[in-house]
Peer 1: 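This is the structure I have questions about; it appears just below.
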Amino acid sequence: QVQLVESGGGSVQPGGSLSLSCAAEGKIIRLYHMGWYRQTAGKERELVARIRPDHVTEYRDFVKGRFTISRDNAKNSIHLHMRDLRVEDSAVYYCYAEEMGWDQMRTYWGQGTQVTISG
């Protein structure tokens with residue numbers, strides 16, 4: 001019922017910046033958390049940052065002070081600004097959103113976008 005459309009991603013040098021965007025489309029009831037996970041080969045998908053409708057944010061320690069997540073509730077979209085990027089930030093980044101119903105919460109995932117940090 002909900003599709004997440006990601007944009008951004010690409011390649012950047014260490015210390016550089018990159019921005020990701022994600023917009024939810026479709027028949028939306030209400031979205032709770034929206035955020036970004038990332039995954040590298042051989043590792044579990046890990047939370048990077050997420051944000052609630054009231055704009056309360058949560059970041060993993062390794063991105064605090066470098067990444068900023070924001071949200072536009074009217075557009076059901078989120079934005080992740082990444083700065084001071086490191087090689088270890090390289091991963092496939094996945095947008096996710098939680099759709100709230102009265103009796104169920106459903107999680108949606110984007111297709112993923114590649115972020116590569118290299119010299």
Side-chain angles (χ1 to χ4, degrees):
Q1 190 173 15
V2 176
Q3 290 183 306
L4 302 180
V5 181
E6 300 156 327
S7 61
S11 182
V12 67
Q13 294 181 343
S17 299
L18 196 65
S19 294
L20 305 177
S21 296
C22 175
E25 301 177 347
K27 300 177 182 178
I28 300 169
I29 300 174
R30 183 183 180 186
L31 299 181
Y32 190 54
H33 280 118
M34 294 185 70
W36 295 91
Y37 279 69
R38 70 187 188 188
Q39 187 171 27
T40 57
K43 295 184 178 181
E44 293 183 346
R45 191 172 298 183
E46 62 181 2
L47 176 69
V48 177
R50 63 182 183 178
I51 184 169
R52 302 195 323 207
D54 60 2
H55 304 285
V56 174
T57 59
E58 180 181 337
Y59 298 92
R60 290 289 298 273
D61 288 342
F62 53 79
V63 304
K64 287 182 178 178
R66 299 190 297 120
F67 292 12
T68 302
I69 189 169
S70 60
R71 178 169 182 152
D72 186 336
N73 291 325
K75 297 181 179 179
N76 290 311
S77 64
I78 56 170
H79 180 84
L80 183 69
H81 182 244
M82 304 179 289
R83 64 179 179 86
D84 192 24
L85 285 163
R86 307 164 182 169
V87 173
E88 54 264 37
D89 292 320
S90 298
V92 177
Y93 284 69
Y94 295 90
C95 179
Y96 91 98
E98 298 168 339
E99 184 184 33
M100 296 180 60
W102 283 279
D103 60 348
Q104 189 178 78
M105 178 176 289
R106 185 173 298 170
T107 301
Y108 296 93
W109 295 94
Q111 291 292 322
T113 183
Q114 179 70 50
V115 172
T116 301
I117 317 300
S118 64

Peer 1: Test side-chain contact (heavy atoms from CB on, under 4.5 Å) on S118 and S90; report intermediate values, then the result.
Peer 2: CA-CA 8 Å; S118 64; S90 298; over 6 Å; no
Peer 1: Side-chain heavy atoms under 4.5 angstrom apart, residues restricted to Ile, Leu, Val, Met, Phe, Trp, Tyr: same cluster for L80 and Y94?
Peer 2: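 Not linked; separate clusters.
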Peer 1: Suppose we screen for salt bridge (charged side-chain N to carboxylate O under 4.0 Å, His left out). Which residues come up paired with K27, at least two apart in sequence or across chains?
Peer 2: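 Testing K27 for salt bridge (charged side-chain N to carboxylate O under 4.0 Å, His left out), a comparison that skips the adjacent residues, returns none.
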Peer 1: Please name the pair of heavy atoms, one in T40 and one in A91, separated by the smallest distance, quoted to 0.1 Å.
Peer 2: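 Minimum heavy-atom separation between T40 and A91: CG2-CB, 3.6 Å.
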Peer 1: CD of E44: more than 12 outside heavy atoms within 6.0 angstrom?
Peer 2: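 Atom CD in E44 is not crowded, with 12 or fewer foreign heavy atoms closer than 6.0 Å.
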Peer 1: Would M82 and D89 count as a side-chain contact (heavy atoms from CB on, under 4.5 Å) here? Give the steps.
Peer 2: CA-CA 10 Å; M82 304 179 289; D89 292 320; over 6 Å; no
Peer 1: Using distance only, find each side-chain donor-acceptor pair of residues 12-22 under 3.5 Å and give its atom names and separation, not counting sequence neighbours.
Peer 2:
unit_1: S21; atom_1: OG; unit_2: H79; atom_2: ND1; d: 3.1

Peer 1: Under a 3.5 Å distance rule, please check whether N73 uses its side chain to pair with a backbone N or O of P53 as donor and acceptor.
Peer 2: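 A pair under 3.5 Å: yes.
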Peer 1: R50 vs I78, test: side-chain contact (heavy atoms from CB on, under 4.5 Å). Steps then yes/no.
Peer 2: CA-CA 9 Å; R50 63 182 183 178; I78 56 170; over 6 Å; no
Peer 1: Who pairs with E46 by salt bridge (charged side-chain N to carboxylate O under 4.0 Å, His left out), at least two apart in sequence or on another chain?
Peer 2: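 Result, salt bridge (charged side-chain N to carboxylate O under 4.0 Å, His left out) vs E46: R38, R60.
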Peer 1: Can you tell me how far the OH atom of Y32 sits from the CG atom of D54, to the nearest 0.5 Å?
Peer 2: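 If we round to the nearest 0.5 Å, Y32:OH and D54:CG are 7.0 Å apart.
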Peer 1: Say whether, by atom type as modelled, one donor and one acceptor occur between the side chain of Y59 and the main chain of I69 under 3.5 angstrom.
Peer 2: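 Answer holds: yes.
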Peer 1: What about L85 and Y37, same hydrophobic cluster or not, with Ile/Leu/Val/Met/Phe/Trp/Tyr joined at side-chain heavy-atom distances under 4.5 Å?
Peer 2: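 No.
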Peer 1: Could I get the full list of side-chain hydrogen bond (donor to acceptor under 3.5 Å, both in side chains) partners for K64, not counting sequence neighbours?
Peer 2: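 K64: side-chain hydrogen bond (donor to acceptor under 3.5 Å, both in side chains) contacts with D61.
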Peer 1: Does R83 use its side chain to pair, donor to acceptor, with the backbone of G65 at less than 3.5 Å?
Peer 2: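 Here the side-chain-to-backbone pair exists.
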Peer 1: Is there a chain of hydrophobic side chains (I, L, V, M, F, W, Y, each step under 4.5 Å between heavy atoms) that links F62 to V115?
Peer 2: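 Cluster IDs for F62 and V115 match.
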Peer 1: Mind running side-chain contact (heavy atoms from CB on, under 4.5 Å) on L47 and E58 for me, showing each step along the way?
Peer 2: CA-CA 9 Å; L47 176 69; E58 180 181 337; 3.9 Å; yes
Peer 1: Could you pull out the closest heavy-atom pair between I28 and N76, with the gap in Å?
Peer 2: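 Smallest interatomic distance, heavy atoms only, reads CD1-ND2, 3.4 Å.
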Peer 1: Taking all atoms of both residues into account, what is the closest heavy-atom pair of R71 and L31, and its distance?
Peer 2: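 Closest heavy-atom pair between R71 and L31: NH2-O, 3.0 Å.
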Peer 1: Under a single-linkage definition using a 4.5 Å side-chain heavy-atom cutoff for Ile, Leu, Val, Met, Phe, Trp and Tyr, are I117 and W36 assigned to the same hydrophobic cluster?
Peer 2: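 As far as the 4.5 Å side-chain criterion goes, W36 and I117 are connected within one cluster.
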Peer 1: Quick one: list whatever passes side-chain contact (heavy atoms from CB on, under 4.5 Å) with Q3, sequence neighbours left out.
Peer 2: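 For Q3, no residue satisfies side-chain contact (heavy atoms from CB on, under 4.5 Å) once neighbours in sequence are set aside.
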Peer 1: Shortest non-hydrogen contact from L4 to A24?
Peer 2: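 So the minimum-distance heavy-atom pair works out to CD2-CB, 3.6 Å.
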Peer 1: For residues 101-112, which side-chain donor-acceptor pairs fall under 3.5 Å, sequence neighbours excluded?
Peer 2:
unit_1: Q104; atom_1: OE1; unit_2: R106; atom_2: NH2; d: 2.9
unit_1: Y108; atom_1: OH; unit_2: E99; atom_2: OE1; d: 2.7

Peer 1: Classify the ring geometry of F67 against Y93: parallel below 30°, tilted from 30° to 60°, perpendicular beyond 60°.
Peer 2: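 The rings of F67 and Y93 sit tilted, inter-plane angle from 30° to 60°.
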